[in-house]
Amino acid sequence: MISNNEITKILKEIAEYLEMKSIPFKPRAYEKAAEAISELEEEVTEVYKKGGLIALEKIPGVGISIAEKIEEFIKTGKLKYYEQLKKSVPVDLASFSGIEGLGPKTIFKLYKKLGIKNLKDLESAIAKRKIEKLKGFGKKSEEKISKGIEFAKKHSGRYVLGFIMPLIREIENRIKNISGVKQVVVAGSVRRMKETIRDADILVVSQKPKPVMDYFVSMPEVAYVIAHGKTKSSIKLKNGLDVDIRVVPEESFGAALNYFTGNRDHNVSLRELAIKNGWKLNEYGLFKGKKIIAGKSEEELYKKFGLTYVEPELRENTGELRLAKENKLPKLIGYKDLRGDLQIQTNWTDGANSIEEMACAAIAERLEYIVITDHTKRLAMTHGLDEKRIKEQWKEIDKVNAKLKKEKINFTILKGSECDILKDGSMDLSDKILEQLDVVGGAVHSSFNLSKEEQTKRIMKAMKNPHVDIIFHPTGRILNRREPYEIDIDEIIKVAKETGTVLEIDAYPERLDLKDHYIKKCVETGVKLSIDSDAHSITHLPYLEYGIGTARRGFATKNDIINAWPIDKMLSFLKDKRKIK
DNA sequence: GCCGTTTTCGGCCCGACTGTTTTCAGTCG
């Protein structure tokens with residue numbers, strides 16, 4: 001079966017071939033179609049199977065011509081149009097991907113003049129100093145390509161946002177201290193809270209750009225400088241992350257922040273909207289002729305367009321501008337809105353800290369309650385709790401609660417479990433134990449490779465258990481490391497709705513599970529969610545931020561997230577749900 | 001090649017920086 005990845009790849013390559021030939025507009029059309037498909041939840045082959053060509057055409061950016069090409073590719077596993085392009089320029093595009101500064105036009109020139117077809121050819125041409133002798137190239141171009149290759153080999157792919165964020169914030173803070181700097185904001189995909197990022201964009205307000213540029217390109221983390229201009233510079237860090245910086249004057253801050261936050265298609269849509277109004281939008285402001293009519297703040301900018309403010313996390317050009325126009329954007333859950341954390345591990349199993357230490361850390365995060373959810377016996381490697389040990393744990397929880405009460409601290413530790421969902425969908429602890437717990441999370445930790453049907457059935461059975469309140473990290477994915485297990489997410493959401501079962505947004509940076517698209521489906525269906533740190537140490541509690549960011553990307557409001565509610569409301573919701581099951 | 005509460009045909013975002021050039025194409029975001 002042809003995967004979305006394969007279709008995306010072939011469409012992207014077509015775009016590059018067309019770019020080489022300087023054919024206008026078509027490359028962007030293919031790129032847009034490729035992007036849309038890479039973001040698609042459903043398998044394109046399924047879409048085609050269900051609705052044929054017409055269904056394919058409904059994918060945004062896919063028209064009749066690309067739809068027919070996808071059809072041919074699905075049916076025959078081949079695409080004549082692509083084969084012809086490849087025949088006319090027989091280069092291995094994939095082997096050049098990720099090399100900084102090496103675009104389609106350059107690849108084409110190198111092929112035509114030196115017969116370079118793949119990375120190996122390119123490396124040997126560099127070794128023989130052939131490139132610097134070419135017209136239009138020079139010593140510096142050759143060096144740049146050489147460096148690009150070196151780095152592309154070492155570092156590929158994307159960085160998990162929550163793990164790279166401390167470094168980005170450290171750099172941000174150092175730039176804040178440079179003289180003349182009035183404001184520093186990390187924009188781009190970081191501000192949109194994408195789960196993984198490829199680069200970081202830093203926006204600076206200052207009347208004196210030079211000291212900012214000079215410091216930026218000479219930071220100790222810099223591997224090499226990609227560009228060093230008057231108001232804009234780009235560097236590659238030793239860990240492989242690209243970082244761009246841009247300095248703008250105060251009056252352009254809003255327009256620049258908007259421009260730098262993106263995504264690209266959101267920006268393009270806004271700029272097209274400007275043109276329709278007879279204006280022009282760039283990073284310096286919104287202009288009517290030469291007169292600036294907005295740009296100091298983002299709020300002002302959206303207002304001028306007749307739109308309600310669009311939160312950064314929603315700027316993916318997936319319909320948010322239409323909703324902004326109709327004043328239908330939801331009031332997203334805020335970064336300070338969580339009152340509790342429903343998944344916390346302690347040193348009773350694989351956590352690093354005691355119950356009391358975790359409670360204190362949660363208090364420091366301004367939470368009002370946590371649920372202790374250590375693993376259960378099936379997870380032997382974590383020394384999972386059996387019926388006997390979990391009862392001992394309850395005594396410990398009571399003790400710490402009593403201590404907090406005595407100290408007049410308004411904080412509650414609830415009794416819970418991250419209870420294994422066994423292969424057949426039954427639970428790892430008896431119903432008699434489960435019914436005594438305040439919050440029960442069911443989780444899959446084994447048999448990841450069941451068929452889609454079996455895996456879905458397994459989780460559905462757990463959801464139908466009256467004592468199971470939440471499904472923890474429902475798809476089991478680990479970013480950059482493990483694919484989600486196969487489940488029918490629509491079916492899971494349907495049963496969650498029927499049974500009142502809550503689905504979790506696990507905030508651990510490499511999980512973020514559920515992910516944004518699925519969260520949106522839950523919000524639309526009315527399935528309730530929780531945002532939990534899944535903390536295994538006191539240092540993990542701040543990860544809640546990434547869960548909230550992901551929830552915001554999924555259009556979730558406070559009402560959708562049960563641990564944004566007061567403890568009594570949250571608990572009575574779960575109790576009522578247990579009754580109806 | 002796609003798309004349309006201005007359009008089913010005629011548009012398609014905008015600007016900084018680089019390297020190799022004397023005016024600009026290529027790349028990137």
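Within every chain, numbering begins at 1; the chains are lettered A, B, ... in the order of the sequence lines, protein sequences first and strands thereafter.
Residue P24(A) is classed as having no contact, given no heavy-atom separation below 4.0 Å to the nucleic acid. Residue Y284(A) is in sugar-phosphate contact alone, with no base atom involved, counting any heavy-atom pair closer than 4.0 Å across all strands shown. Using a 4.0 Å heavy-atom criterion, one finds that K276(A) contacts the bases of the nucleic acid, with or without backbone contacts as well. Nucleic acid contact class of I64(A) (heavy atoms, under 4.0 Å, all strands): sugar-phosphate only. Residue L270(A) is classed as having no contact, given no heavy-atom separation below 4.0 Å to the nucleic acid. Contacts of R28(A) with the nucleic acid, taken as non-hydrogen atoms under 4.0 Å apart, are absent. Among the protein residues, K105(A) comes within range of the sugar-phosphate backbone only, with heavy atoms under 4.0 Å from sugar or phosphate atoms but none that close to a base. Residue contacts for T231(A): at a heavy-atom cut-off of 4.0 Å it reaches the sugar-phosphate backbone alone, with no base atom in range. Looking at heavy-atom distances under 4.0 Å, K280(A) makes contact with sugar-phosphate atoms alone, never a base. Note on D201(A): only backbone sugar-phosphate atoms sit closer than 4.0 angstrom, heavy atoms only; bases stay farther off. The residue R198(A) sits close only to the backbone: its heavy atoms come under 4.0 Å of sugar-phosphate atoms, none of a base. No contact: P27(A) has no heavy atom under 4.0 Å from any strand.
The closest side-chain heavy-atom distance from K521(A) to H517(A) is not below 4.5 Å.
Only the P atoms considered, dT27(B) is 16 Å distant from dT21(B), to the nearest whole Å. Between dT6(B) and dC12(B), the distance separating the two C1' atoms is 16 Å to the nearest Å. As rounded to the nearest Å, dT8(B) and dC3(B) have C1' atoms that lie 9 Å from one another. If you take atom C1' in dT7(B) and the same atom in dC2(B), they sit 13 Å apart, rounded to whole Å. Atom name P, nucleotides dC13(B) and dT23(B): the rounded distance is 29 Å, in whole Å. With both ends at atom C1', the span from dT5(B) to dG1(B) equals 24 Å, rounded to whole Å. On the C1' atoms, dT20(B) is 10 Å away from dA25(B), given to the nearest whole Å.
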ask   = Could you walk me through whether I292(A) and L286(A) pass the side-chain contact (heavy atoms from CB on, under 4.5 Å) check?
value = CA-CA 6 Å; I292(A) 185 162; L286(A) 182 61; 5.9 Å; no

request  = Check the pair R198(A), D242(A) against salt bridge (Lys or Arg N to Asp or Glu O under 4.0 Å), reporting the backbone distance first and the verdict last.
outcome  = CA-CA 7 Å; R198(A) 211 186 52 75; D242(A) 286 333; 3.7 Å; yes

ask   = Which is it for F108(A) and V91(A) under the side-chain contact (heavy atoms from CB on, under 4.5 Å) test, yes or no, and what are the steps along the way?
value = CA-CA 9 Å; F108(A) 188 49; V91(A) 294; over 6 Å; no

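Results of the side-chain contact (heavy atoms from CB on, under 4.5 Å) test with K130(A) over L122(A), L110(A), L114(A) single out L114(A) as the only residue that passes.
The aromatic rings of Y546(A) and Y543(A) lie tilted to each other, with the angle between the two planes from 30° to 60°.
Summary of the strand contacts: Y30(A) and S141(A) both lie near DNA chain B, and taking for each the nucleotide with the nearest heavy atom, the more 5' one is attributed to Y30(A). Along DNA chain B, the nucleotide closest to D244(A) and the one closest to V268(A) are compared, and the more 5′ of them pairs with V268(A).
Residue pairs meeting the side-chain hydrogen bond (donor to acceptor under 3.5 Å, both in side chains) criterion with at least one member in residues 248-258 of chain A, sequence neighbours excluded, are K182(A)-E250(A), N258(A)-Y302(A).
Remark: E143(A) does not engage K140(A) in a salt bridge, criterion side-chain N to carboxylate O under 4.0 Å.
Glycosidic torsion of dT7(B) falls within 90° of 0, placing the base in syn.
For DNA chain B, the outermost nucleotides in 5' to 3' order that have an atom under 4.0 Å from a heavy atom of chain A are dG1(B) to dG29(B).
Nucleotide dC9(B) is matched to dG4(B) when pairs are restricted to Watson-Crick or G-U wobble geometry with both distances under 3.5 angstrom.
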